Amino acid sequence: RREVETFLNAGVRALKDGQQRLLKRLGIDIGFLFREEVSFLRGVEALRASDPLLANYLLATRRGWSEQFVLARNDLHSHWTLPRVEYPRAANGDVSMREPTIAGLPVSNFVTNMLDHLLCFVEDTTVYALAARLPQSITLREIPLGDRRPEIPERFRISLLAGGNPPWELTYHVQRFEET
């Protein structure tokens, strides 16, 4: 229970405080991502006029995982406690383990999924904000997964825009962090 509470608190703090603050320093305000639905949708529509890629990414982020993540953390502070692990005994005497669930998922799956989403969000939005600050003739390209060297965890490479390599674009995805 304590470890799940620590994960939820630290993860949401990283998302809402750390990443929001970093992006604001880099010229991107995502504060509306954490507001009630009406304010969130207004923020997405306002952003869509100037940055449709980021607007679509944030909309998919909220629908895909961040709202569920924040709500799970908020539930800790109001009424929810992670249930205990259960050890049901079968009729033949065998004992099995039943994990508690969060949002309908076994706790181990929920934590793994949310951590993957959080890591991808931090990497994607940070790289997007940094790429926007590059000179116009410079871009970032994504190194294909099969071309990456295992000893160097490098996903992006600086490239000339006119160099023939397609520039990286921010898109929402559901791959595991290691697969991006």
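No experiment lies behind these values; they were computed from the predicted model shown. Side chains included, hydrogens not; waters and symmetry mates left out as well; all remaining heavy atoms used.
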Check your understanding: Of all heavy-atom pairs between Pro52 and Ser50, which one has the smallest distance, and what is that distance?
Key -> CD-C, 3.9 Å
Exercise for review: Identify the two heavy atoms, one from Arg148 and one from Glu154, that lie closest to each other, and give their separation to 0.1 Å.
Suggested key: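 For Arg148 and Glu154, the tightest heavy-atom pair comes out as CD-O, 3.3 Å.
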Review point. Is the shortest heavy-atom distance from the side chain of Arg62 to the side chain of Phe32 under 4.5 Å?
Key: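 Not in contact.
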Review point. Just by distance, do the side chain of Arg176 and the backbone of Asp116 share a donor-acceptor pair under 3.5 Å?
Key: no
Exercise for review: Any chance you could measure Glu36, atom CD, to Arg42, atom CZ, to the nearest 0.5 Å?
Suggested key: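 That separation rounds to 7.5 Å.
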Using a 3.5 Å cut-off and no angle test, enumerate the donor-acceptor pairs between side-chain atoms of residues 13-26 and protein atoms at least two apart in sequence or in another chain.
| unit_1 | atom_1 | unit_2 | atom_2 | d |
| --- | --- | --- | --- | --- |
| Gln19 | NE2 | Val122 | O | 3.4 |
| Gln19 | NE2 | Thr125 | OG1 | 2.8 |
| Gln19 | NE2 | Thr126 | OG1 | 2.9 |

Please set out all donor-acceptor pairs under 3.5 angstrom arising from side-chain atoms of residues 168-175, sequence neighbours excluded.
| unit_1 | atom_1 | unit_2 | atom_2 | d |
| --- | --- | --- | --- | --- |
| His173 | ND1 | Gln175 | OE1 | 3.1 |
| His173 | NE2 | Asp124 | OD2 | 3.1 |

Exercise for review: Mind running side chain to side chain contact (heavy atoms under 4.5 Å, CB included) on Glu37 and Leu41 for me, showing each step along the way?
Suggested key: CA-CA 6 Å; Glu37 187 69 10; Leu41 292 174; 3.7 Å; yes
Point to revise | Test side chain to side chain donor-acceptor pair (under 3.5 Å) applied to Ser108 - qualifying residues, sequence neighbours left out | key: Glu99
Review point. In chain order, what residues pass the side chain to side chain donor-acceptor pair (under 3.5 Å) check against Glu179, with sequence neighbours excluded?
Key: none
**Study point:** Arg48/Glu45 salt bridge by N-O under 4.0 Å criterion
**Key:**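 Looking at Glu45 and Arg48, the cut-off is met.
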Review point. More than 12 heavy atoms of other residues, nucleotides or ligands under 6.0 Å from CD of Gln136: is that the case?
Key: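 Open.
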Review point. Measuring from Leu105:CG to Thr112:OG1, what's the distance to the nearest 0.5 Å?
Key: 10.0 Å
Check your understanding: Are Phe40 and Glu67 close enough, and set up right, to give a side chain to side chain contact (heavy atoms under 4.5 Å, CB included), and what steps lead you there?
Key -> CA-CA 11 Å; Phe40 167 69; Glu67 185 172 35; over 6 Å; no
Pairs under 3.5 angstrom only: tabulate donor-acceptor contacts from the side chains of residues 139-147 to other protein residues two or more places apart or in another chain.
| unit_1 | atom_1 | unit_2 | atom_2 | d |
| --- | --- | --- | --- | --- |
| Glu142 | OE2 | Arg155 | NE | 2.8 |
| Glu142 | OE2 | Arg155 | NH2 | 3.2 |

Review point. Nearest 0.5 Å, what's the CG-CG distance between Leu33 and Leu59?
Key: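 Output value for this atom pair is 10.0 Å.
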Review point. What's the spacing between Phe121 CZ and Phe177 CZ if we round to 0.5 Å?
Key: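 Rounded to the nearest 0.5 Å, the CZ-CZ separation comes out at 13.5 Å.
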Practice item. Please test Phe110 against Val4 for side chain to side chain contact (heavy atoms under 4.5 Å, CB included), starting from the C-alpha separation and ending with a verdict. Key: CA-CA 10 Å; Phe110 178 86; Val4 169; over 6 Å; no
Point to revise | Straight-line distance of Thr61 OG1 to Arg63 CZ, nearest 0.5 Å | key: 11.0 Å
Review point. Can you tell me if CZ on Arg1 sees more than 12 non-hydrogen neighbours from other groups inside 6.0 Å?
Key: yes
Practice item. Give the minimum heavy-atom separation between Val85 and Pro100, together with the two atoms involved. Key: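 Closest pair (atom of Val85, atom of Pro100, distance): CG2-CD, 3.9 Å.
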Practice item. Look only at the side chain of Arg89 and the backbone of Gly93, and say whether a donor-acceptor pair between them is shorter than 3.5 Å. Key: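 The answer is yes, because a donor-acceptor pair under 3.5 Å joins these two groups.
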Point to revise | Residues that Asp51 engages under side chain to side chain donor-acceptor pair (under 3.5 Å), provided they are two or more places apart | key: Tyr128
Check your understanding: Does Leu53 share a hydrophobic cluster with Ile28, counting links as ILVMFWY side-chain heavy atoms below 4.5 Å and allowing steps through other members?
Key -> yes
Practice item. Could you give me the CA-CA distance, side-chain angles and deciding distance for Leu160 and Ile138, then say whether side chain to side chain contact (heavy atoms under 4.5 Å, CB included) is met? Key: CA-CA 5 Å; Leu160 291 173; Ile138 306 291; 3.7 Å; yes
Exercise for review: Could you tell me the separation between the CD atom of Glu3 and the OG1 atom of Thr6, rounded to the nearest 0.5 Å?
Suggested key: 5.5 Å
Check your understanding: Crowded around Ile158 CD1? As in, over 12 foreign heavy atoms under 6.0 Å?
Key -> no
